[in-house]
Protein chains: 2
Amino acid sequence: MVDRRGAGDEVVTTAAAKRSADAPAESAADVRERARAIPEAAVARLAVYLRVLSGMAEQGVTTISSEELAGAAGVNSAKLRKDLSYVGSYGTRGVGYDVEVLVSHIERILGLTRKHSVAVVGIGNLGHALANYGGFPSRGFPVAALFDIDPDLTGVPVGGIPVNHIDDITSVCAEREVSIGVIATPPQAAQAVCDRLVSAGVQCILNFAPVVLQVPDYVEVRKVDLAVEMQILSFHVARRADEAAGDVVNGVGVDGVVIRP
Amino acid sequence: MVDRRGAGDEVVTTAAAKRSADAPAESAADVRERARAIPEAAVARLAVYLRVLSGMAEQGVTTISSEELAGAAGVNSAKLRKDLSYVGSYGTRGVGYDVEVLVSHIERILGLTRKHSVAVVGIGNLGHALANYGGFPSRGFPVAALFDIDPDLTGVPVGGIPVNHIDDITSVCAEREVSIGVIATPPQAAQAVCDRLVSAGVQCILNFAPVVLQVPDYVEVRKVDLAVEMQILSFHVARRADEAAGDVVNGVGVDGVVIRP
DNA sequence: TACCGCTTGTGAACGGATGCACAAAGTTGA
DNA sequence: TCAACTTTGTGCATCCGTTCACAAGCGGTA
Ligand SMILES: NC(=O)c1ccc[n+]([C@@H]2O[C@H](COP(=O)([O-])OP(=O)(O)OC[C@H]3O[C@@H](n4cnc5c(N)ncnc54)[C@H](O)[C@@H]3O)[C@@H](O)[C@H]2O)c1
Ligand SMILES: NC(=O)c1ccc[n+]([C@@H]2O[C@H](COP(=O)([O-])OP(=O)(O)OC[C@H]3O[C@@H](n4cnc5c(N)ncnc54)[C@H](O)[C@@H]3O)[C@@H](O)[C@H]2O)c1
């Protein structure tokens with residue numbers, strides 16, 4: 001059952017909340033150690049929990065159980081509890097989790113207490129959409145710089161930010177303290193752009209171009225490859241079609257192609 | 001070493017190529033069985049190998065070793081060989097893989113022998129970019145329908161396809177045999193749109209809206225959540241900062257916040 | 001205060017993916 | 001024809017992540 005006491009109820013009474021308010025029971029070293037051990041898959045889920053929890057908080061929910069949160073996030077409740085245990089033990093047995101407390105601790109672990117300025121490179125179809133997207137700034141990722149190689153674009157404001165020329169990438173990134181670079185250029189230009197971002201000091205890259213980027217060890221790359229996503233869906237369609245065809249006359253494979261004539 | 005004999009060399013002499021040309025050594029049931037067993041992670045990598053191989057083929061490369069392909073795809077060569085073994089044994093020991101043969105077999109396993117028509121719902125910033133993107137049709141995913149709720153948009157062609165009203169989703173999807181639905185609406189509308197896609201018979205969904213969709217078991221959903229990607233990058237920044245701070249005076253945690261005063 | 005019912009947090013078992021290392025198999029050259 | 005060399009395909013050990021199941025802990029209640 002969701003607790004809807006309302007957002008006005010500010011009296012904190014749970015033991016867990018008290019603990020976190022009074023004296024943190026763990027050292028900075030402990031936090032470090034734990035952060036290092038969190039599996040990547042769990043980090044991705046924590047980000048989802050955070051979004052769900054933020055929505056809950058807005059609706060005035062103050063307390064939530066692992067079962068409820070798991071349902072809302074679409075995962076197993078045991079997995080959720082294990083994920084939260086990487087963050088620390090901030091639940092109250094017999095009750096659940098204080099939404100606000102959980103939000104602030106997940107934010108801390110994900111490093112969202114500091115702002116991460118984003119630069120988008122390649123202001124074409126996709127770059128425009130990204131520059132105009134309100135979902136980044138609102139989550140602590142202000143878009144601070146835009147770059148393109150097209151001289152017709154430089155100076156033109158997109159989403160309120162004027163486009164800079166790619167040649168100015170080093171100085172502009174340094175000046176605006178860009179920590180995340182987004183590559184939305186054609187695939188042929190992606191590796192070169194990536195190299196320039198890296199030499200400009202950017203250590204985190206989100207890549208939309210369908211190429212495998214080569215980067216030094218200390219740079220973190222995440223790729224969003226829509227064609228790959230489509231192909232994974234396609235695989236499932238095919239598998240399903242195969243299963244359905246499993247009962248028909250043998251010797252005929254996928255798509256009706258005769259495999260054994 | 002990359003074999004660059006040129007695309008004109010059509011004389012096939014390797015045993016593996018012979019085998020696949022002469023008599024397929026396995027039944028339809030075998031293919032089914034194998035397809036069912038391929039881990040999802042391997043499927044995603046196969047899609048990447050396919051892209052790299054297609055590029056190789058265009059450059060006239062006819063043969064490639066696991067080591068080379070692994071390098072180009074950014075994975076361990078043993079992993080690559082295991083992945084390819086899910087598809088079947090089409091390599092030639094001492095030589096490598098015939099690029100064309102491999103491409104066609106991966107395409108078969110991924111179900112790319114049939115076309116998968118795509119419908120995009122929500123023709124806003126992102127929807128426009130997707131509709132205009134040439135990378136989908138060229139990979140066997142023709143964008144066959146666009147939907148929006150905004151009456152001003154209906155009838156307007158975007159990327160060559162006129163936008164339909166969301167209310168026509170069932171008839172249009174059936175008519176154009178849409179098998180993949182892409183959701184690019186605001187988050188509030190996403191679940192409703194998803195439900196409509198499902199009742200229109202679409203069983204594969206790619207979701208860009210930052211919400212967890214609830215669907216029946218037989219529907220496959222993949223989500224692309226850019227804010228989550230950003231937060232994962234943020235986590236790595238924080239972890240790195242923590243490690244760097246690990247040598248300074250203890251008692252001070254992330255962001256200079258005093259944890260033990 | 002003492003008990004009851006509920007929910008967390010986690011040890012342990014399990015399952016799946018990864019990487020190593022090598023036999024098997026094919027090619028090349030003598 | 002044979003031996004040396006190259007590269008595949010895979011058994012096996014390992015690691016990581018998921019899931020189960022339950023003791024421990026907390027709030028509520030009498
Ligand atoms: N449009 C989509 O929906 C979509 C979907 C998936 C993937 N992608 C990928 O995203 C990338 C961008 O797609 P798009 O449709 O926006 O392409 P686009 O052609 O519309 O835009 C590319 C932009 O990059 C700029 N550019 C080219 N070379 C550059 C360089 N060296 N430095 C800086 N800027 C440079 C161009 O001037 C152009 O403005 C592509 O790699 C594409 O494969 C796009
Ligand atoms: N723009 C981006 O770069 C970006 C990045 C990441 C995620 N997203 C997500 O993608 C989604 C779309 O983003 P956007 O920037 O294109 O938004 P947008 O507001 O520009 O476009 C949304 C479109 O959906 C249409 N729409 C609204 N309700 C609908 C309904 N019930 N049925 C059909 N169409 C409906 C609207 O008319 C509008 O055209 C959002 O959920 C957003 O969070 C966008």
Side-chain angles (χ1 to χ4, degrees), chain A residues 1-3 5 9 11-20 25-26 30 34 36-46 49 62-71 73-99 101-102 105, chain B residues 1-3 5 11-20 25-26 34 36-46 49 62-71 73-99 101-102 105:
Chain A
M1 307 293 156
V2 176
D3 182 347
R5 280 179 232 153
D9 184 358
V11 183
V12 178
T13 50
T14 66
K18 268 206 214 91
R19 194 193 315 143
S20 82
E26 57 182 5
D30 290 342
R34 182 180 300 122
R36 199 174 295 135
I38 303 181
E40 186 105 343
V43 173
R45 287 190 298 267
L46 283 171
Y49 306 152
T62 59
T63 303
I64 193 168
S65 74
S66 63
E67 205 74 40
E68 290 169 310
L69 183 51
V75 300
N76 178 309
S77 75
K79 194 193 296 193
L80 177 129
R81 286 199 299 276
K82 181 138 288 183
D83 288 345
L84 293 185
S85 79
Y86 293 127
V87 176
S89 300
Y90 304 111
T92 308
R93 294 169 192 229
V95 175
Y97 300 88
D98 182 283
V99 174
V101 169
L102 209 46
H105 280 107
Chain B
M1 307 292 159
V2 177
D3 182 346
R5 280 179 231 153
V11 183
V12 178
T13 50
T14 66
K18 268 208 214 87
R19 193 191 315 142
S20 82
E26 56 182 7
R34 181 180 301 121
R36 198 173 295 135
I38 304 181
E40 186 106 342
V43 173
R45 287 190 297 269
L46 283 171
Y49 306 152
T62 59
T63 304
I64 193 168
S65 73
S66 64
E67 205 73 41
E68 291 169 308
L69 183 51
V75 301
N76 177 307
S77 74
K79 196 193 297 193
L80 177 128
R81 286 199 299 277
K82 183 141 290 184
D83 287 346
L84 292 185
S85 80
Y86 294 127
V87 176
S89 299
Y90 303 112
T92 307
R93 295 170 190 226
V95 175
Y97 300 87
D98 181 282
V99 174
V101 168
L102 209 47
H105 279 107

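Given the structure is predicted, the values throughout are model-derived calculations rather than measurements. Chain letters run A, B, ... following the sequence lines, proteins first, then strands; residues in each count from 1. Computed over heavy atoms, backbone and side chain alike; hydrogens, waters and symmetry mates excluded.
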Return the minimal non-hydrogen interatomic distance between [X] and [Y], and the atom names on each side.
X: B:V75; Y: B:R45; answer: CG1-CD, 4.0 Å
X: B:L46; Y: B:D83; answer: CD2-O, 4.1 Å
X: A:S77; Y: A:A70; answer: CA-CB, 3.5 Å
X: B:S65; Y: B:V95; answer: CB-O, 4.4 Å

Is a donor-acceptor contact shorter than 3.5 angstrom present between the side chain of B:R93 and the base of D:dT7? no
Would you say the side chain of B:L84 lies within less than 4.5 Å of the side chain of B:Y49, judging by non-hydrogen atoms? yes
Value in whole Å for how far the [atom2] atom of [N] lies from [atom1] of [X]:
X: A:I64; N: C:dC6; atom1: CD1; atom2: C1'; value: 16 Å
X: A:L80; N: D:dC20; atom1: CG; atom2: P; value: 14 Å
X: B:L84; N: D:dT10; atom1: CG; atom2: C1'; value: 13 Å
X: A:I38; N: D:dT18; atom1: CD1; atom2: C1'; value: 16 Å

Position toward the 5' end of DNA chain D (nearest nucleotide), A:G94 or A:E40: A:E40
Check against side-chain contact (heavy atoms from CB on, under 4.5 Å), B:E68 and B:Y97: CA-CA 10 Å; B:E68 291 169 308; B:Y97 300 87; over 6 Å; no
For D:dT7 and B:Y90 - does any side-chain N or O of the residue sit under 4.0 Å from the phosphate oxygens OP1/OP2? no
Is B:S66 near enough to D:dT8 that one of its side-chain N or O atoms lies under 4.0 angstrom from OP1 or OP2? yes
Could you list the protein-to-nucleotides 18-22 of chain C atom pairs, N/O on both sides, closer than 3.5 Å?
{"from": "C:dT18", "atom 1": "OP1", "to": "B:R45", "atom 2": "NH1", "distance (Å)": "3.0"}
{"from": "C:dT18", "atom 1": "OP2", "to": "B:R45", "atom 2": "NH2", "distance (Å)": "2.8"}
{"from": "C:dG19", "atom 1": "O6", "to": "B:K82", "atom 2": "NZ", "distance (Å)": "2.8"}
{"from": "C:dA21", "atom 1": "N6", "to": "B:R81", "atom 2": "NH2", "distance (Å)": "3.4"}

Proximity to the side chain of A:S89 - top-ranked nucleotide from D:dC26, C:dG9, D:dT8: C:dG9
